[in-house]
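Below: the structure, in structure tokens.
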Amino acid sequence: MTFEDIKNLDEQYVMHSYGRFPVALDHGKGATVWDVDGREYIDFTAGIGVTSLGHADQGWLEAVTGQAAKLAHISNLFYTEPYAKVAQKLCARTGMANVMFGNSGAEANEAMIKLARKWSFDRYGKGRGTIITLHNSFHGRTVTTLAATGQDKFHNYFFPFTEGFRYAQANDLASLEAASGDDVCAVMVELVQGEGGVLPLDREFLRKAADLCVKRDWLLLVDEVQTGVGRTGSLFAFQQYDIEPDAVSFAKGIAGGLPFGGVMANEKCREVFTPGTHGTTFGGNPIAAAAACYVLDRLDSDLLAQVKEKGDYLRTQIEEMGLPCLGRTRGMGLMIGIEVKEGWTNRDLAAKLIDAGLLVLTAGPGLRLLPPLTITREEMDRGLNILKETLS
């Protein structure tokens, strides 16, 4: 099919909840993709941080097809090997106690919210279900995770939103304390606010927030949907902070391109969910879990160290270009935000770059880069050259 054929089908049969760029992608290899007309692009997006090992990784393909030939789905009424192995790998590498599996980041955060409220109910009874989140946060697009999101622009249309959320300023302990009360059960944070603009939280603020949670007997919930699975240079970003979360959500890159997510709980919360209190039909799907096993095995210490090195390289090269429309960079590992200067818009710059052959993302008022963790130096340099030539 041609681009126009695909576009026409989309316009006639697909709900227009996305403002797509005028590109129809067909296939990829590594951090390079091609559209239906054969045009080549360097991928600095990884499907918004999902294709963690790049496109068409041979080992990933073998893991997926091998499991597909055995058992695609059987439901959580029965045991299967792949999800159990993923849980073991996650707990062994994080120190968490156990795992609940789902399908997406929003679903993982919903489960984490439910876990916190049930933990509090089991301990204190009704009336203690409020969760404090941060302004400029983003936690998903369900009615509840939109309510948890600390951005006013998302609090529209879908009334009534789920109750039980209050917001504090990031990196402001006084604001966090002012949002507290006898009805609070947890604090929920992203360690790097992704959709809000790729904004890492201050380490001292996180440490004091964690101390406050212990003092008030609140749970500390960490949303690692975007920061997890090697994206910041460690398996999870919380491992680079001096904190011990009670629950951690994950999704995006965990299965290298398949829908998969979940929540890890510490020992204090391991028995909160009991049979019938939470569930999902596709959670722990054998094919997605087999892919996740492969991804986790690939994310060894050498690859994670390379993620930090690659992130430092990209940020240094971009800042040294001195482009008139771009300012400073920020982020951790291969989760990079770029300031867009006054007089330009991130959407317009992204469109120019995509038209020139470089796929990029926006976040807040800036640009966002989430390339595959396995991107090569040659692919990085080709992308950087497009960036420089297009925006000079």
Side-chain angles (χ1 to χ4, degrees), residues 25-34 40-67 86 89-90 93 105 192 194 198 224-237 239-240 250-261 287-318 329 331-337 353 357-361 368-387:
L25 297 172
D26 181 72
H27 64 281
K29 182 66 177 176
T32 306
V33 294
W34 289 264
E40 184 178 290
Y41 302 79
I42 299 299
D43 184 5
F44 275 14
T45 73
I48 317 183
V50 170
T51 50
S52 48
L53 301 181
H55 304 281
D57 178 89
Q58 186 59 39
W60 181 89
L61 286 169
E62 292 172 1
V64 169
T65 56
Q67 181 59 46
V86 176
K89 292 174 187 293
L90 287 170
R93 295 181 63 176
V192 182
V198 191
E224 293 241 27
V225 168
Q226 191 167 154
T227 56
V229 197
R231 176 56 53 186
T232 65
S234 54
L235 189 60
F236 288 91
Q239 294 171 307
Q240 298 184 53
F250 60 89
K252 286 195 180 289
I254 183 68
L258 296 180
F260 200 63
I287 296 175
C293 279
Y294 177 76
V295 169
L296 290 171
D297 287 344
R298 283 286 302 276
L299 294 180
D300 58 17
S301 58
D302 288 342
L303 195 152
L304 292 173
Q306 292 171 22
V307 169
K308 291 184 178 180
E309 293 170 2
K310 292 172 183 178
D312 289 343
Y313 177 74
L314 286 173
R315 292 179 62 184
T316 298
Q317 294 297 310
I318 292 168
T329 66
M332 293 174 63
L334 283 172
M335 185 175 182
I336 299 170
L353 291 169
L358 177 64
L359 306 186
V360 299
L361 301 162
R368 174 175 41 158
L369 309 181
L370 300 172
L373 307 183
T374 54
I375 189 171
T376 65
R377 176 64 69 91
E378 188 266 342
E379 288 170 322
M380 287 191 291
D381 286 341
R382 286 165 61 197
L384 290 168
N385 287 336
I386 295 171
L387 184 75

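In this text the structure is predicted, and so the values were computed from the model without any measurement. As a basis for the values below, the full set of heavy atoms in this structure was taken, side chains included, without hydrogen atoms, waters or symmetry mates.
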- prompt: Of Leu353, Thr45, Leu369, Asn385, which meets side chain to side chain contact (heavy atoms under 4.5 Å, CB included) against Leu358?
  reply: Leu353

Should [X] and [Y] count as side-chain neighbours, where that means a heavy-atom distance under 4.5 Å?
{"X": "Phe250", "Y": "Leu90", "value": "yes"}
{"X": "Leu314", "Y": "Pro371", "value": "yes"}
{"X": "Thr374", "Y": "Arg298", "value": "yes"}
{"X": "Gln317", "Y": "Asp381", "value": "no"}
{"X": "Leu370", "Y": "Met335", "value": "yes"}
{"X": "Leu359", "Y": "Ile42", "value": "no"}

Which heavy atom of [X] sits nearest to which heavy atom of [Y], and what is that distance?
{"X": "Arg315", "Y": "Thr329", "answer": "NE-OG1, 2.9 Å"}
{"X": "Gln240", "Y": "Ser234", "answer": "NE2-OG, 2.9 Å"}
{"X": "Leu299", "Y": "Leu235", "answer": "CD1-CD1, 4.0 Å"}
{"X": "Asp43", "Y": "Pro372", "answer": "O-CD, 3.3 Å"}
{"X": "Phe44", "Y": "Met380", "answer": "CZ-O, 3.9 Å"}
{"X": "Trp60", "Y": "Ala255", "answer": "NE1-O, 2.9 Å"}

Could you grab the distance from atom [atom1] of [X] to atom [atom2] of [Y], nearest 0.5 Å is fine?
{"X": "Met332", "Y": "Lys308", "atom1": "CE", "atom2": "NZ", "value": "7.5 Å"}
{"X": "Asp300", "Y": "Gln306", "atom1": "CG", "atom2": "CD", "value": "8.0 Å"}
{"X": "Leu53", "Y": "Leu61", "atom1": "CG", "atom2": "CG", "value": "10.5 Å"}
{"X": "Phe260", "Y": "Ile287", "atom1": "CZ", "atom2": "CD1", "value": "12.0 Å"}
{"X": "Leu303", "Y": "Ser52", "atom1": "CG", "atom2": "OG", "value": "9.0 Å"}
{"X": "Thr51", "Y": "Leu258", "atom1": "OG1", "atom2": "CG", "value": "11.0 Å"}

Report yes or no: does [X] contribute a side-chain atom to a donor-acceptor pair with the main-chain N or O of [Y] at less than 3.5 Å?
{"X": "Arg231", "Y": "Leu334", "value": "yes"}
{"X": "Lys252", "Y": "Gly228", "value": "no"}
{"X": "Glu379", "Y": "Ala31", "value": "yes"}
{"X": "Glu224", "Y": "Ala237", "value": "yes"}
{"X": "Arg93", "Y": "Leu296", "value": "yes"}

Ring geometry between His27 and Trp34 (parallel below 30°, tilted from 30 to 60°, perpendicular above 60°): parallel

task: Show the numbers, then the answer: is there a side-chain contact (heavy atoms from CB on, under 4.5 Å) between Lys89 and Asp297?
output: CA-CA 9 Å; Lys89 292 174 187 293; Asp297 287 344; 2.8 Å; yes

